[in-house]
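First the structure, in the form of structure tokens, and then the observations on it.
Quick caveat: nothing in here was measured; it's all calculated off a predicted structure.
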Amino acid sequence: MAIAAVLTSLQGSVMECLYHLRVASLLVPILYVILNECIRNSTRVKGMTGPWGLPLIGNLAQIRTDAAEQYRLWSKKHSAVYQIQLRNIPVIVVRSATSAKVLFGHNAQAL
């Protein structure tokens with residue numbers, strides 16, 4: 001009789017642990033994505049426009065097939081100098097010679 005009571009209470013605690021494990025396995029990835037998006041947003045260069053990418057991978061999926069063509073399309077929409085995100089790394093894209101001359105000539109000390 002005592003063994004049956006112990007097994008019954010043990011089964012209840014095991015089921016409760018499994019429930020908490022399932023909840024944690026759902027919450028941890030969601031929290032990771034939210035935290036990663038906050039970090040990605042903070043690494044972007046302030047004051048510079050650019051396309052927003054997908055969570056976790058940024059703009060990698062968009063430049064997968066023809067990167068040069070996608071850069072050209074983005075330069076029409078944003079400007080000759082814009083930023084993209086490759087995972088958590090911001091990348092500055094310069095699409096014209098005059099913009100490159102101004103950007104790299106006037107800001108040489110930052111490079």
Side-chain angles (χ1 to χ4, degrees):
M1 192 75 143
I3 295 174
V6 169
L7 288 177
T8 304
S9 66
L10 184 62
Q11 181 183 10
S13 65
V14 167
M15 295 303 283
E16 186 178 334
C17 287
L18 288 176
Y19 171 75
H20 290 301
L21 186 61
R22 277 188 254 143
V23 169
S25 67
L26 290 175
L27 287 180
V28 168
I30 292 170
L31 290 174
Y32 174 75
V33 170
I34 291 170
L35 180 64
N36 189 48
E37 286 304 302
C38 292
I39 292 170
R40 279 186 57 219
N41 190 27
S42 69
T43 60
R44 289 182 69 90
V45 178
K46 305 296 183 232
M48 192 170 265
T49 63
W52 286 93
L54 298 171
L56 300 176
I57 63 170
N59 300 104
L60 282 174
Q62 296 161 320
I63 62 171
R64 188 175 191 193
T65 55
D66 191 5
E69 178 64 19
Q70 187 63 50
Y71 291 154
R72 187 184 68 78
L73 294 173
W74 282 334
S75 68
K76 286 182 178 180
K77 183 177 179 182
H78 298 287
S79 67
V81 179
Y82 58 91
Q83 69 176 319
I84 62 172
Q85 292 279 126
L86 302 180
R87 296 191 129 205
N88 290 349
I89 302 169
V91 176
I92 306 299
V93 179
V94 182
R95 290 284 301 167
S96 71
T98 56
S99 297
K101 183 178 179 182
V102 169
L103 182 68
F104 297 129
H106 289 80
N107 300 312
Q109 72 279 3
L111 302 174

Contact check, side chains of Asn59 and Pro51, non-hydrogen atoms, under 4.5 Å: yes
From Ser99 atom OG to Ile92 atom CD1, the distance as rounded to the nearest 0.5 Å: 12.5 Å
Heavy-atom side-chain contact between Leu31 and Leu35 under 4.5 Å: no
Stacked cation flag Arg44 on Trp52, 6.0 angstrom / 45 deg: yes
Check: Gly53 main-chain N/O paired with Gln62 side-chain donor or acceptor under 3.5 Å: no
Val93 side chain reached by Trp74 side chain, heavy atoms, under 4.5 Å: no
Main-chain N/O of Met48 paired to Gln83 side chain as donor or acceptor, under 3.5 Å: yes
Separation between CG of Leu54 and CD of Glu37, rounded to the nearest 0.5 Å: 9.0 Å
Close side-chain approach of Thr43 to Gln85, heavy-atom, < 4.5 Å: yes
Other residues, nucleotides, ligands: >12 heavy atoms within 6.0 Å of Arg87 CZ: no
Beyond-backbone contact of Lys77 with Leu73, side-chain heavy atoms, under 4.5 angstrom: no
Closest approach of Ser25 to Arg22 (non-hydrogen atoms, all atoms of both residues): OG-O, 2.8 Å
Side-chain heavy-atom pair Tyr82, Val94 within 4.5 angstrom cut-off: no
Val91 with Ile63, same ILVMFWY side-chain cluster at under 4.5 Å: yes
Pro29 versus Leu26, closest heavy-atom pair with distance: CD-O, 3.5 Å
Closest non-hydrogen atom pair, Thr49 against His78: OG1-CB, 3.7 Å
Shared hydrophobic cluster for Val45 and Val81 (ILVMFWY, side-chain gaps under 4.5 Å): yes
Shortest non-hydrogen contact from Asn88 toward Arg40: OD1-CG, 2.7 Å
